[in-house]
Participant: 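The structure that follows is given in the form of structure tokens.
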Amino acid sequence: MARIGTLALVLASGTIIGLAPCVQAQSIKIEDKQVVGASAKPAGPTKIDRYAKVLTLDKPQTDAAKSLYEAYQTETNAQGKKMRDAMKDAQDDMNEGDHAAFEKKMQKAMGEQTAASKKLTETFLSDLKSLLNPVQADRWPSFERLRRREQYLSNMLSIGGMGVGGSSVDLFPLIDKLGLPTELRAKAVEHLSLYEVDIDRPLAERQRNMDEEQQQMGAVQKFDAESFAKKQERDRKVDMTIREVNTKYVRQIGAALPADWAAKLDEAYQARAYRSIYRETSTGRTLANAQKVADLSSAQKTALQAMIDKYKKDVKGANDRWADAQRRAEDAGRNTGGGLMMFGPGSSGGEKIDPAIADARDARKALDAAAKEQMEKLLSQEQLAAIPQAQPSQNGVRSIAVFGDHAGGDAVFVDDIDMGDDGPGAGGPGAGPNVIFRTISVGGHGPGDGSGGGQVTTPTPTTAPSPPRP
């Protein structure tokens with residue numbers, strides 16, 4: 001891992017990352033862009049719908065809460081624009097080489113943003129609470145736990161959930177999506193009432209860690225490699241605790257369900273906990289699209305279906321092996337090839353990825369390659385050309401941000417982002433975007449070279465991530 005120095009860069013999201021001291025970025029270009037998904041309307045319940053359910057709001061109360069939230073969002077967006085304008089103003093100072101002025105303006109802008117956001121949130125929550133009757137007011141602690149899950153469990157800006165499978169999973173929406181029959185759902189809810197309290201403890205610790213860092217370091221964080229490593233280990237321990245709570249309750253809820261439903265729950269949790277492993281690859285989508293080719297013969301259809309059935313079975317086994325290898329590496333604190341990775345000049349990239357993970361990942365890639373080759377032998381060139389193009393996963397986005405002067409001292413941030421099952425804007429646990437893999441290359445051009453700096457967000461086929469390249 002590259003040595004972390006005193007120069008700090010500010011991402012458009014407000015995240016602060018320290019960079020190697022030998023990197024002397026002369027300019028920072030910050031684009032006024034935000035990560036967006038493929039759909040404009042949320043597919044599931046909105047944030048206020050979730051709040052209304054927890055607080056047992058009636059329709060008039062829910063309508064009033066929605067009005068309050070819309071006003072809150074309008075003010076928050078205005079404050080966000082003010083922050084981005086201030087960042088662009090500070091950029092001019094950095095471009096002119098006045099780092100002190102840049103830092104001073106960013107400290108001021110970030111401080112004002114934090115204070116304004118805190119005040120807006122407090123006002124919204126106070127207004128929301130004023131809508132409640134005494135019985136509903138007793139539900140407020142449960143509502144606060146929901147908000148912690150929103151903020152510190154399922155959001156891409158949380159400090160955890162990037163390196164440990166299951167540390168960014170909320171079982172509430174997972175159970176909702178499972179579609180349990182009423183009588184079985186009642187059994188699950190009995191356990192979820194205890195889960196809500198147990199999962200809140202490590203989330204409260206995650207919240208304290210973030211609050212402590214903001215108080216100690218201010219807007220622009222400056223720390224060395226040793227302190228950075230300690231923070232990573234601290235956050236990993238919190239992630240591991242969250243994973244333990246999640247796996248504990250998956251087992252408990254599964255034990256209360258019939259075997260077939262327990263298997264569905266376990267499979268759904270695995271797919272959510274290790275999204276970068278279990279998500280469908282472009283090969284899987286291409287095979288499915290091949291069945292749509294109009295002039296397939298009867299024999300080709302039969303052979304293609306058999307091929308797809310075998311592929312799915314083999315891939316499931318390969319993914320299970322990969323996830324198991326990753327869990328073992330997480331337990332031992334070894335490099336999983338996911339989460340936050342930083343590389344810099346003179347860095348070899350730190351320790352190599354865990355060998356068992358590398359082998360399992362390569363085996364999965366080999367399955368994709370073999371399936372593609374088999375399909376190409378089965379179909380004619382005309383039929384292959386007629387296959388509808390495999391589209392990227394709707395919820396997969398890649399963000400590439402380049403900071404520097406493009407003279408060999410750039411920092412390139414590449415994030416693979418899961419926008420969440422409900423699409424952008426849905427809000428709430430299980431729906432918010434998560435950074436599932438981040439690569440940071442310092443001191444040389446990497447992904448995004450030639451983009452002109454700033455931030456570029458594009459849909460990407462979300463196959464299993466490759467190991468970072470220094």
Participant: Indicate the atoms forming the closest heavy-atom contact of T283 with A371, along with that distance.
Facilitator: CG2-CB, 4.3 Å
Participant: Under a 4.0 Å N-O cut-off, is there an ion pair linking R236 with E233?
Facilitator: yes
Participant: Passes side-chain contact (heavy atoms from CB on, under 4.5 Å), L57 versus Y51? Steps please.
Facilitator: CA-CA 8 Å; L57 303 183; Y51 291 178; 5.7 Å; no
Participant: I need the minimum non-hydrogen distance between Q326 and I277, along with the two atoms involved.
Facilitator: OE1-CD1, 3.8 Å
Participant: Checking side-chain polar atoms at under 3.5 Å, does T74 have a donor or acceptor matched by the opposite partner on N77?
Facilitator: no
Participant: Between D176 and R185, is there a salt bridge with N-O shorter than 4.0 Å?
Facilitator: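 Looking at R185 and D176, the cut-off is met.
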Participant: Where does the angle between the aromatic ring planes of Y249 and Y195 fall among parallel (under 30°), tilted (30 to 60°) and perpendicular (over 60°)?
Facilitator: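 It falls in the perpendicular class, over 60°.
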Participant: Donor-acceptor pairs under 3.5 Å, side chain of residues 63-72 to any protein atom, not counting sequence neighbours: which ones?
Facilitator:
| from | atom 1 | to | atom 2 | distance (Å) |
| --- | --- | --- | --- | --- |
| D63 | OD2 | K59 | NZ | 2.9 |
| S67 | OG | D63 | O | 3.2 |
| Y72 | OH | T121 | OG1 | 3.1 |

Participant: Kindly determine whether R364 and D368 satisfy salt bridge (charged side-chain N to carboxylate O under 4.0 Å, His left out), including the steps that lead there.
Facilitator: CA-CA 7 Å; R364 170 62 198 270; D368 281 352; 3.7 Å; yes
Participant: Before giving the answer on salt bridge (charged side-chain N to carboxylate O under 4.0 Å, His left out), spell out for R148 and D170 the whole-Å C-alpha distance, their side-chain angles and the decisive distance to 0.1 Å.
Facilitator: CA-CA 11 Å; R148 260 190 292 276; D170 183 356; over 6 Å; no
Participant: Rounded to the nearest 0.5 Å, what separation is found between the OH atom of Y152 and the CG atom of L203?
Facilitator: 10.0 Å
Participant: How about K301 and Q291: do any of their side-chain heavy atoms sit closer than 4.5 Å?
Facilitator: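 In short, these two side chains do not touch, never coming nearer than 4.5 Å.
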Participant: Can you tell me how far apart CG (N246) and NZ (K248) are? Round to the nearest 0.5 Å.
Facilitator: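 Nearest 0.5 Å value for the CG-NZ distance: 11.5 Å.
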Participant: Side chains of V238 and N209: closer than 4.5 Å at any heavy-atom pair?
Facilitator: yes
Participant: Go through the side-chain N and O atoms of S117 and Q79 and say whether any donor and acceptor fall under 3.5 Å apart.
Facilitator: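 Absent: no donor and acceptor within the cut-off.
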Participant: For G284 and Y311, work out which heavy atoms get closest and say how close.
Facilitator: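 Heavy-atom minimum between the residues: N-OH, 3.7 Å.
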Participant: Are the side chains of V164 and I242 in touch, meaning some heavy atoms are under 4.5 Å apart?
Facilitator: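 A side-chain contact is absent here, since even the closest heavy-atom pair is not under 4.5 Å.
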Participant: Quick one: CG on L184 to NZ on K187, what's the gap to the nearest 0.5 Å?
Facilitator: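 The distance works out to 6.0 Å.
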Participant: So which heavy atom on L265 is nearest to which on G254, and how close?
Facilitator: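 Looking at all heavy atoms of both residues, the closest pair is CD2-N, 3.9 Å.
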Participant: For side-chain hydrogen bond (donor to acceptor under 3.5 Å, both in side chains), just list the numbers for Q207 and Q151, CA-CA rounded to whole Å, side-chain angles, deciding distance to a tenth of an Å, and then say yes or no.
Facilitator: CA-CA 9 Å; Q207 180 182 16; Q151 293 176 274; 5.5 Å; no
Participant: Let me confirm one number: the CG-CE distance from D235 to M240, rounded to the nearest 0.5 Å.
Facilitator: 13.5 Å
Participant: Closer than 4.0 angstrom, basic N to acidic O: yes or no for E150 and R50?
Facilitator: no
Participant: Determine whether a donor-acceptor pair (N or O, by modelled atom type, separation under 3.5 Å) exists between the side chain of S126 and the backbone of T123.
Facilitator: no
Participant: Taking Q383 for the side chain and S380 for the main chain, is one N or O donor matched with an acceptor at less than 3.5 Å?
Facilitator: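 Such a contact is found between Q383 side chain and S380 backbone.
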Participant: How far does NZ of K313 sit from CG of L367, to the nearest 0.5 angstrom?
Facilitator: 13.0 Å
Participant: Would you check, one step at a time, whether the test side-chain contact (heavy atoms from CB on, under 4.5 Å) holds for W261 with L178?
Facilitator: CA-CA 9 Å; W261 282 105; L178 203 59; 4.2 Å; yes
Participant: Are the side chain of Q136 and the backbone of T56 linked by a donor-acceptor contact shorter than 3.5 Å?
Facilitator: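 A pair under 3.5 Å: yes.
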Participant: Within this structure, what is the CZ-CD1 distance for the pair R149 and I199, rounded to the nearest 0.5 Å?
Facilitator: 9.0 Å
Participant: Please report the C-alpha distance between D309 and K312 in whole Å, then the side-chain angles of each, then the deciding distance to 0.1 Å, and finally whether the salt bridge (charged side-chain N to carboxylate O under 4.0 Å, His left out) criterion is met.
Facilitator: CA-CA 5 Å; D309 291 343; K312 288 181 177 179; 5.6 Å; no
Participant: For R139 and V54, which heavy atoms make the closest approach, and how far apart are they?
Facilitator: NE-O, 2.8 Å
Participant: Could you tell me if the side chain of D58 sits less than 4.5 Å from the side chain of Q61, heavy atoms only?
Facilitator: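 Q61 reaches D58 side chain to side chain.
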Participant: Quick one: do the Y274 and D324 side chains pair a donor with an acceptor below 3.5 Å?
Facilitator: no
Participant: Between R145 and D200, does any side-chain N to carboxylate O distance fall below 4.0 Å?
Facilitator: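 No, no charged N to carboxylate O under 4.0 Å.
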Participant: Can N289 and K292 be counted as having a side-chain donor-acceptor contact under 3.5 angstrom?
Facilitator: yes
Participant: Side chains of S168 and R275: do they bring a donor and an acceptor to under 3.5 Å?
Facilitator: yes
Participant: Test side-chain contact (heavy atoms from CB on, under 4.5 Å) on T281 and T286; report intermediate values, then the result.
Facilitator: CA-CA 9 Å; T281 67; T286 298; over 6 Å; no
Participant: Check step by step if side-chain hydrogen bond (donor to acceptor under 3.5 Å, both in side chains) holds for E330 and T336.
Facilitator: CA-CA 7 Å; E330 290 166 357; T336 65; 5.6 Å; no
Participant: Does atom NZ of K237 have more than 12 heavy-atom neighbours from other groups under 6.0 Å away?
Facilitator: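 No, NZ of K237 has 12 or fewer neighbouring heavy atoms, counting only those of other groups under 6.0 Å.
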Participant: Decide yes or no on salt bridge (charged side-chain N to carboxylate O under 4.0 Å, His left out) for K316 and E267, but give the supporting numbers first.
Facilitator: CA-CA 10 Å; K316 175 65 167 57; E267 184 174 342; 5.5 Å; no
Participant: Working note: R84 + K81, criterion side-chain contact (heavy atoms from CB on, under 4.5 Å); need CA distance, chi angles, decisive distance, verdict.
Facilitator: CA-CA 5 Å; R84 292 191 296 276; K81 184 179 185 306; 3.9 Å; yes
Participant: Would you indicate whether the side-chain heavy atoms of L125 and R147 approach each other to under 4.5 Å?
Facilitator: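 In contact.
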Participant: What are the two closest heavy atoms between D266 and V250, and how far apart are they?
Facilitator: OD1-CG1, 4.3 Å
Participant: Before accepting this row, confirm whether a basic side-chain N of the pair D49/K53 lies closer than 4.0 Å to the acidic partner's carboxylate O.
Facilitator: no
